[in-house]
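Note on naming: letters A, B, ... go to the chains in the order of the sequence lines (proteins, then strands), and numbering restarts at 1 for each one.
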Protein chains: 2
Amino acid sequence: MTDTTTSTGRRTGLDRADMVATALALVESEGPGALTMRRLAAELDVTTNTVYWHVGSRDALITEIIRTSATRLADRAITGATPRERVTAAARHIWDSALENRAITSLAHQTGTTPLLEHHLELALVHEIEAAGLRGDAAALALRSILSTVGGFLVGALRDESSSPAELRPAALWSTTSGDISDETIEALSLPTDHEAVFTTTLDAVVAVHIPA
Amino acid sequence: MTDTTTSTGRRTGLDRADMVATALALVESEGPGALTMRRLAAELDVTTNTVYWHVGSRDALITEIIRTSATRLADRAITGATPRERVTAAARHIWDSALENRAITSLAHQTGTTPLLEHHLELALVHEIEAAGLRGDAAALALRSILSTVGGFLVGALRDESSSPAELRPAALWSTTSGDISDETIEALSLPTDHEAVFTTTLDAVVAVHIPA
DNA sequence: CGTCAGACTAGAACACCGTGCAAGTCCCGG
DNA sequence: CCGGGACTTGCACGGTGTTCTAGTCTGACG
């Protein structure tokens, strides 16, 4: 940031990269909802038009945020001896990095740019799938199956339950359920979900069906 | 709708149920994005304040829409001889009814009220899980695993790809991928996804790991 | 028959949002 | 010196959810 202030109090020296950087910081610190063109402009001590001049539109800004975020998502080392273990590890990397970057992940999810964000990690996953011997349609099927599984758990794990009224949260829904369900099951459903545990068993099952032992 | 028009041209006789009904119709015919307080008021030939008087807030309105929608989701007959088949059928009912009500489903998804919408169908699913012999934690684990799987595929299947710029759609991302991935796999990934097929194989795998044969 | 409370509606306004337009100001090369 | 592009500003438009005030209507009660 080599910005300066002119004699008339104007702020200058900012470029597109600065916009994206502070927007990214804003999302990370205060969540996707805080990313407003006016708010970003205020953060940069500039008017909204300056932001528009550099960035074009809100959609373009978000795409750029996701794109630069994607490069920050470090490629993680894949461990494991068997193909199944390695594929599982690659899938878990997606899960882990999404949880470590909740704000950007949900921003990408809201704008439908998730594949852009996770493309690197998906690439690593495909690589392991191919290393396990799958090609073409079979590899595509395995990838999409695993990705959807990961994605499904992410929407559950990333949802902020504290923002919705208590009486219509899943736990509350189940605890008021009467009918032909055993009490112990209802009690188990009234407890908070251990996303990690459920994810692990499900992922293992999905990987096992695609990747030969 | 027993609404009347007074001498001064006012419209009256509407109640909360009418608001919810036309809001529901609006969402179904023009999508979640069309549900605006002003738009709904115009549809009812009334000012927004009238809507607010009856309904309270937008969130309350949406919750009510989902709630009445939930009662409309008919309980479907569960077929299948084995426990696995019946559990799979119950899970597929959730998938089917979500696809048949795309607009309301994505509205519920955006507002985090999906469990409210699908609670009836989830109940049927739990019933089959218990019928298969699971109780307590094991039943809860199976339910949540299956529900997340279904949910993951729904976000993929319900996403409207035509609304996002072509160059950052998954297919485009993969077709420009260079690296250590075989050509036939890249080609398979560049083709549109057969959600139905991927869902079926994944669901089978997840059900099989929880429900004993 | 009068009137009075409550149910219901209208109009205007507030504070936001994304975005576009016209008018500047700055700085660097000719 | 000065002209033109890079850059910034102020203002405006139409849209959103929501709230306030001021009504008008309707039915019950005295």
Q) Between atom CZ in B:R16 and atom C1' in C:dT9, what is the gap in whole Å? A) 18 Å

Q) Under the salt bridge (Lys or Arg N to Asp or Glu O under 4.0 Å) rule, what pairs show up with a residue in residues 196-207 of chain B, not counting sequence neighbours? A) B:R92-B:E196

Q) Atom CG of B:D59 and atom C1' of D:dT16: how far apart are they, to the nearest Å? A) 14 Å

Q.
Is the shortest side-chain heavy-atom distance between A:E130 and A:L134 below 4.5 Å?
A. no

Q. Looking at A:E100 and A:R76, does any basic side-chain N land under 4.0 Å from a carboxylate oxygen?
A. yes

(Q) Using the side-chain heavy atoms of B:T50, tell me which of these nucleotides is nearest: D:dC13, C:dA10, D:dT9. (A) C:dA10

**Q.** d(CG, B:L35; P, D:dG15) in whole Å
**A.** 17 Å

Q: Name the nucleic acid region contacted by B:T36, choosing base, sugar-phosphate or nothing; use a 4.0 angstrom heavy-atom cut-off, strictly under.
A: sugar-phosphate

Q: Take atom OH of B:Y52 and atom C1' of C:dA13, then tell me their distance rounded to the nearest Å.
A: 14 Å

Q: Measure from CZ on A:R58 to C1' on D:dT16 and round the result to the nearest Å.
A: 14 Å

Q.
Looking only at the side chain of B:N49 (C-beta and beyond, no hydrogens), which of the listed nucleotides C:dA12, D:dT9, D:dG17 gets closest?
A. C:dA12

Q. Does a nitrogen or oxygen in the side chain of B:H54 sit under 4.0 Å from OP1 or OP2 of C:dA7?
A. no

Q: Consider the side chain of B:W53, meaning its heavy atoms from C-beta on, and name the nucleotide among C:dG18, C:dC8, D:dT18 that approaches it most closely.
A: C:dC8

Q.
One thing to verify: whether A:R102 and A:E28 come together as a salt bridge, which I'm taking to mean a side-chain N less than 4.0 angstrom from a carboxylate O.
A. no

Q.
From C-beta outward on A:R38, which listed nucleotide comes closest to its side chain: D:dT18, C:dT9, D:dA12?
A. D:dA12

Q: State which of C:dT19, D:dT19, D:dT8 makes the closest approach to the side chain of B:T48.
A: D:dT19

Q | Length of the line joining A:I62:CD1 and C:dC17:C1', which is rounded to integer Å | A | 13 Å

Q: Let me know the distance between CG of B:D45 and C1' of C:dT9, rounded to the nearest Å.
A: 12 Å

Q: Would you mind reading off the distance between B:R39 atom CZ and D:dG17 atom P, rounded to a whole angstrom?
A: 12 Å

Distance-only donor-acceptor pairs under 3.5 Å for side chains of residues 145-156 of chain A, two or more places apart:
residue: A:S145; atom: OG; partner: A:H210; partner atom: NE2; Å: 2.9
residue: A:S145; atom: OG; partner: B:T202; partner atom: OG1; Å: 2.5
residue: A:S148; atom: OG; partner: A:R144; partner atom: O; Å: 3.3
residue: A:T149; atom: OG1; partner: A:S145; partner atom: O; Å: 2.8

